[in-house]
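Below is one structure, written out as structure tokens, with a few remarks after it.
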Amino acid sequence: MEPMSSSTAIAVIDFETTGMTPAQGARATEVAIVLLQGGRVVDRFQSLMNTGAWIPPFITQLTGITNAMVAEAPPAAEVMREAARFVGSAPMVAHNAAFDSKFWGAELAQAGVAAQQPFACTVLLSRRLYPEAPSHKLGLIVDHLGLPRAGRAHRALADAEMAAALLARMQHDLRQRWHVDNPDHALLSTLQRCARPKVPALLAGWAAAAARPAIAA
DNA sequence: TGCCAGGCCCTCTTTAGGGCCTT
């Protein structure tokens, strides 16, 4: 597999849903995707979606998304097919990817589309890179790092924007603090699976490999 | 209108338990 450069677009996704897991019948109510390239947001996708599923009151209280809002939204299958086209082959990132990747797969399956994108998780990365942070909840780690809040929390686009800002900050810090020249998705995926005590050695090795001059053909 | 997941991580650990994170 050819290594991805840091300028390769990464799709940062966030779902609002009716519950915690598709395995229990929860469905998505809203999806937002932010394309991050070279540390900058280059495109955005956002839509409410109508799955026909009932939204419990406490979810409406949390997200502000009502049953009336999704009743007027486009069908979920239509939204997900458009979302899949928007993402293309870009690798994906989410804050607690275990959650969003399940809904990504489940809603795409409902739309008859296969989910093939690899996911990386900003929660796992945040725990590796900022172990001093008191919390790794999205809003709190954003505050801890001094990043701007983006709109109403628990709406998909605002959360995706904040997760993208967090990812961009991680890429920046990997360059500045850990001297990793190419903090691409491959490194992020490796880093999130690396035990915390081994992170400094991993990053040192990665930086050394990146600094090694390419062999001329 | 309901009714409680799952993967990861830390520690008072590994023959386990409990907290975190997402809606």
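Just the heavy atoms: all of them, side chains too, but no hydrogens, waters or symmetry mates, feed the values below. Chain identifiers are assigned alphabetically (A, B, ...) following the order of the sequence lines, protein sequences preceding nucleic acid strands; residue numbering begins at 1 within each chain.
- Between the C1' atoms of B:dT14 and B:dC10, the separation comes to 12 Å (whole Å).
- Closest approach to the A:T63 side chain among B:dT22, B:dT23, B:dC21 is made by B:dT23 (side chain taken as heavy atoms from C-beta onward).
- Ion pair A:D159/A:R155 not flagged as a salt bridge, since none of the NZ, NE, NH1 or NH2 atoms sits closer than 4.0 Å to an Asp/Glu carboxylate oxygen.
- Between the C1' atoms of B:dC3 and B:dT23, the separation comes to 14 Å (whole Å).
- Residue whose closest nucleotide on DNA chain B sits further toward the 5' end, between A:A98 and A:L62: A:A98.
- Under the side chain to side chain donor-acceptor pair (under 3.5 Å) criterion, the residue pairs touching residues 88-107 of chain A are A:R27-A:E107, A:H95-A:T122, A:W104-A:Q117, with sequence neighbours excluded.
- Nucleotide B:dT23 holds its P atom 15 Å from the CD atom of A:Q61, rounded to whole Å.
- One finds no side-chain N or O of A:H136 lying less than 4.0 angstrom from the OP1 or OP2 phosphate oxygen of B:dC21.
- Of the candidates B:dA5, B:dT23, B:dC21, B:dA5 carries the atom nearest the A:T21 side chain, counting heavy atoms from C-beta on.
- Of the candidate nucleotides B:dG6, B:dC4, B:dT23, B:dG6 has the atom lying nearest to any side-chain atom of A:K102.
- Distance noted for atom C1' between B:dT13 and B:dG17: 9 Å (whole Å).
- Comparing B:dT23, B:dC21, B:dC8 against the side chain of A:V123 picks out B:dC21 as the nearest.
- B:dT15 sits 25 Å from B:dC20 when the C1' atoms are compared, rounded to a whole Å.
- The C1' atoms of B:dG19 and B:dC12 are separated by 14 Å, rounded to the nearest whole Å.
- Nucleotides B:dC4 and B:dT22 are separated by 14 Å at their C1' atoms, to the nearest Å.
- With A:D173 as the partner, the side chain to side chain donor-acceptor pair (under 3.5 Å) test is satisfied by one option alone out of A:Q176, A:R169, A:Q171, A:R175: A:R169.
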